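Following: one structure in structure tokens, then a few remarks.
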Amino acid sequence: MFNVTEDIKYVGVDDLDIDLFEGQYKVPHGVSYNSYVCTDQKIAVFDTVDIRKADEWLKNVESALNGAQPDYLIVSHVEPDHSASIPAFLKKYPSATVVGNEKTFILIKRFYGDIVTNKLTVKDGDELDLGKHKITFVFAPMVHWPEVMMSYDKTDGILFSADGFGKFGALSHNESWLDEARRYFINIVGKYGVPVQGILKKASTLKINAICPLHGPVLKEDLGYYLGKYDLWSSYTPEEDGVLIAYASVYGNTATAAKKLAELLQARGVKAEVADLNRCDTAEAIANAFKYSKLVMASITYDGGVMPCADAFINKLKVKNYSNRTVGFIQNGSWAPISAKLMRTAFESFKNVSFCETAVTVNSAVDGAAIAQLEELAAELAK
């Protein structure tokens, strides 16, 4: 536990046992489930935690309350990693009023049944008076569930941002915010760029001194940096001028071509990374594809199509609204290479994607002809 402000305490917990977040994203450094207590004439608890950490969280809440009883439980997001301890909370504090919107209570009932006896249904812009602290509810539908609402404490200038501005990694693991916040945003929230842009416009009207997300650290300094990153990510604007080369190789020849292209680009002063789609953390590769302004897909021709891992990667990019970038292709085939054509056809359904004129063909192994094409592609990407 720690103080966010004089009246607001962090009572969340770290989960270092989890291996996959949402059953699919690797979290080698765990994740935090954040919860907060605001002590005033009326006491409000902001969100609960995953059921696996309910006991630890309830002890933190009890310590923060110091013998008092909570008046409100504000539910900003009903995804179970934040709501699954609601039943345990209400069993311990049955007089507490649950605060949410109409959709909040529909989802609570679907997950946990008729557990809410006292409830306060709020609308966008409504205010909850705790005494000194006035809490305004800022609806954020589809960031990234339909019931999501943020809360703004006018007194201390605190934005309780639900899953917004969160990141992977437990608070006990000290690391920079950016990379894991990007991986979190692009893979979990990234599809919903338009709603995020909407909430950023709302946030621009508020005087924010700190952001309290449901995952990751409380953000207090240089808030313009974090808001700026969210603006880039949610508008699908590249963060950096550079190239991600994502390759799918069987015997190493397509990998050789991908790495050779990276060398040629770096020699021209272009930032370039490679990702082995058969082995890498796909979520990280997806995030890096959004990070850079350009992408090169390199795949063998496999069963008359695209290597499955490359095909899956392209599909995931589409789901996350990959757009506003330039894409190039490298194909390999010992006979009838066709993967570049198929990959381009897939990307033609994306929004605002342009294509490199040079498409590289490797016939089995990288030879002088392939290197010449790679040099042409590198020159084009470096413009």
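Here the structure is a predicted model, which is why all the values come from computation and not from measurement.
The minimum heavy-atom distance between Ser299 and Val306, with the atom names listed, is OG-CG1, 3.6 Å. What you find for Ile43 and Ala68 is that their closest heavy atoms are CD1-CB, 3.6 Å. For the residue pair Val61 and Val11, the shortest heavy atom distance occurs at CG2-CG2, 4.1 Å. Taking all atoms of both residues into account, the shortest heavy-atom contact from Leu171 to Gly216 is CD2-C, 3.3 Å. For the pair Ile158 and Thr5, the tightest heavy-atom approach, listed with the atom from each and the gap, is CD1-CG2, 3.8 Å. Here the closest non-hydrogen pair linking Ser63 and Met1 is OG-CE, 3.3 Å.
Side-chain atoms of Asp153 and Phe46, non-hydrogen and from C-beta on, never get closer than 4.5 Å to each other. Taking 4.5 Å as the limit, some side-chain heavy atom of Glu348 sits within range of a side-chain heavy atom of Phe355. Taking the side chain as every heavy atom from C-beta outward, Phe89 and Ile115 never approach each other to under 4.5 Å. You'll find the side chain of Trp57 stays beyond 4.5 Å of the side chain of Tyr33, heavy atoms only. Within the 4.5 Å cutoff, the side chain of Met150 has heavy atoms near those of the Leu159 side chain. At a threshold of 4.5 Å between non-hydrogen side-chain atoms, the residues Cys280 and Tyr247 do not count as touching. Contact check for Glu147 versus Phe105: no side-chain heavy atoms found under the 4.5 Å cut-off. Contact of the Lys316 side chain with the Thr282 side chain is registered, since non-hydrogen atoms from C-beta on lie closer than 4.5 Å.
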With side chain to side chain contact (heavy atoms under 4.5 Å, CB included) as the criterion, how do His144 and His77 come out once you've worked through the C-alpha distance, each side chain's angles and the decisive distance to 0.1 Å? CA-CA 9 Å; His144 58 123; His77 185 20; 3.5 Å; yes
Give the C-alpha distance, both sets of side-chain angles, the deciding distance and a yes or no for side chain to side chain contact (heavy atoms under 4.5 Å, CB included) between Phe347 and Leu295. CA-CA 11 Å; Phe347 275 99; Leu295 170 68; 3.9 Å; yes
Side chain to side chain contact (heavy atoms under 4.5 Å, CB included) between Asp156 and His133, worked out: CA-CA 8 Å; Asp156 288 339; His133 294 269; 3.0 Å; yes
Mind running side chain to side chain donor-acceptor pair (under 3.5 Å) on Asn352 and Ser323 for me, showing each step along the way? CA-CA 5 Å; Asn352 298 326; Ser323 53; 5.6 Å; no
Please report the C-alpha distance between Met307 and Met297 in whole Å, then the side-chain angles of each, then the deciding distance to 0.1 Å, and finally whether the side chain to side chain contact (heavy atoms under 4.5 Å, CB included) criterion is met. CA-CA 11 Å; Met307 185 75 171; Met297 293 295 306; over 6 Å; no
Are Trp177 and Tyr226 close enough, and set up right, to give a ring-ring contact (aromatic ring centres under 6.0 Å, His included), and what steps lead you there? CA-CA 9 Å; Trp177 178 85; Tyr226 305 107; 4.7 Å; yes
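In this pair, Phe2 and Tyr10 present their aromatic rings parallel. The plane angle is below 30°, not in the 30 to 60° band. Taking the six-membered ring for Trp and thresholds of 30 and 60 degrees, Phe21 and Tyr184 have ring planes inclined between 30 and 60 degrees apart. Relative ring orientation between Phe185 and Tyr230 is described as perpendicular, the plane-to-plane angle rising above 60° on a 0-90° scale split at 30° and 60°.
A donor-acceptor contact shorter than 3.5 Å links the side chain of Lys320 to the backbone of Asn187.
Atoms OG and CG, from Ser35 and Leu73 in turn, are 8.0 Å apart once rounded to the nearest 0.5 Å. Atom CG of Leu317 and atom CZ of Phe290 lie 6.0 Å apart (nearest 0.5 Å). The distance from atom CG of Leu200 to atom NZ of Lys202, rounded to the nearest 0.5 Å, is 11.5 Å. For the atom pair NZ (Lys123) and CD (Glu102), the distance works out to 9.0 Å, reported to the nearest 0.5 Å. For the atom pair CD1 of Ile74 and CG of Leu128, the computed distance is 5.5 Å after rounding to the nearest 0.5 Å. Rounding to the nearest 0.5 Å places CG of Asp81 at 10.0 Å from OG of Ser32.
Cluster membership check: Leu65 does not share its hydrophobic cluster with Tyr36, using side-chain heavy-atom separations under 4.5 Å among Ile, Leu, Val, Met, Phe, Trp and Tyr. Under the 4.5 Å side-chain heavy-atom criterion for Ile, Leu, Val, Met, Phe, Trp and Tyr, Ile8 and Leu130 are members of the same hydrophobic cluster. Cluster membership for Ile314 and Tyr292, using ILVMFWY side-chain heavy atoms within less than 4.5 angstrom, is shared. Note on Leu227 and Val218: separate hydrophobic clusters, where clusters join Ile, Leu, Val, Met, Phe, Trp and Tyr whose side-chain heavy atoms are under 4.5 Å apart, directly or indirectly. Cluster membership for Leu58 and Val37, using ILVMFWY side-chain heavy atoms within less than 4.5 angstrom, is shared.
Salt bridge present: Asp15 and Arg52 bring a charged side-chain N and a carboxylate O closer than 4.0 Å. Asp114 has a carboxylate O that lies under 4.0 Å from a charged side-chain N of Lys109, or vice versa, which qualifies the two as a salt bridge. Taking 4.0 Å as the cut-off between side-chain N and carboxylate O, Glu180 and Arg183 count as a salt-bridged pair.
By the neighbour-count criterion of 12 heavy atoms within 6.0 Å, atom CG of Asp55 is sparsely surrounded, having that number or fewer from other residues, nucleotides or ligands. Within 6.0 Å of NZ on Lys92 lie more than 12 heavy atoms contributed by other residues, nucleotides or ligands. Within a 6.0 Å sphere centred on CD of Gln24, other residues, nucleotides and ligands contribute more than 12 heavy atoms. Atom OH of Tyr302 sits in a sparse spot, with 12 or fewer heavy atoms from other residues, nucleotides or ligands closer than 6.0 Å. Within 6.0 Å of the CG atom in Asp367, the count of heavy atoms belonging to other residues, nucleotides or ligands exceeds 12.
The side-chain contact (heavy atoms from CB on, under 4.5 Å) test applied to Tyr251 returns Asn253, not counting sequence neighbours. The salt bridge (charged side-chain N to carboxylate O under 4.0 Å, His left out) test applied to Lys119 returns no partner, not counting sequence neighbours. In this structure Tyr236 satisfies the ring pair (Phe, Tyr, Trp, His ring centres under 6.0 Å) test with no other residue, sequence neighbours excluded.
For the 3.5 Å distance criterion, the side chains of Asp14 and His173 fail to qualify, holding no donor opposite an acceptor.
For the pair Arg344 and Phe329, the cation-pi criterion (under 6.0 Å, within 45° of the ring axis) is not fulfilled.
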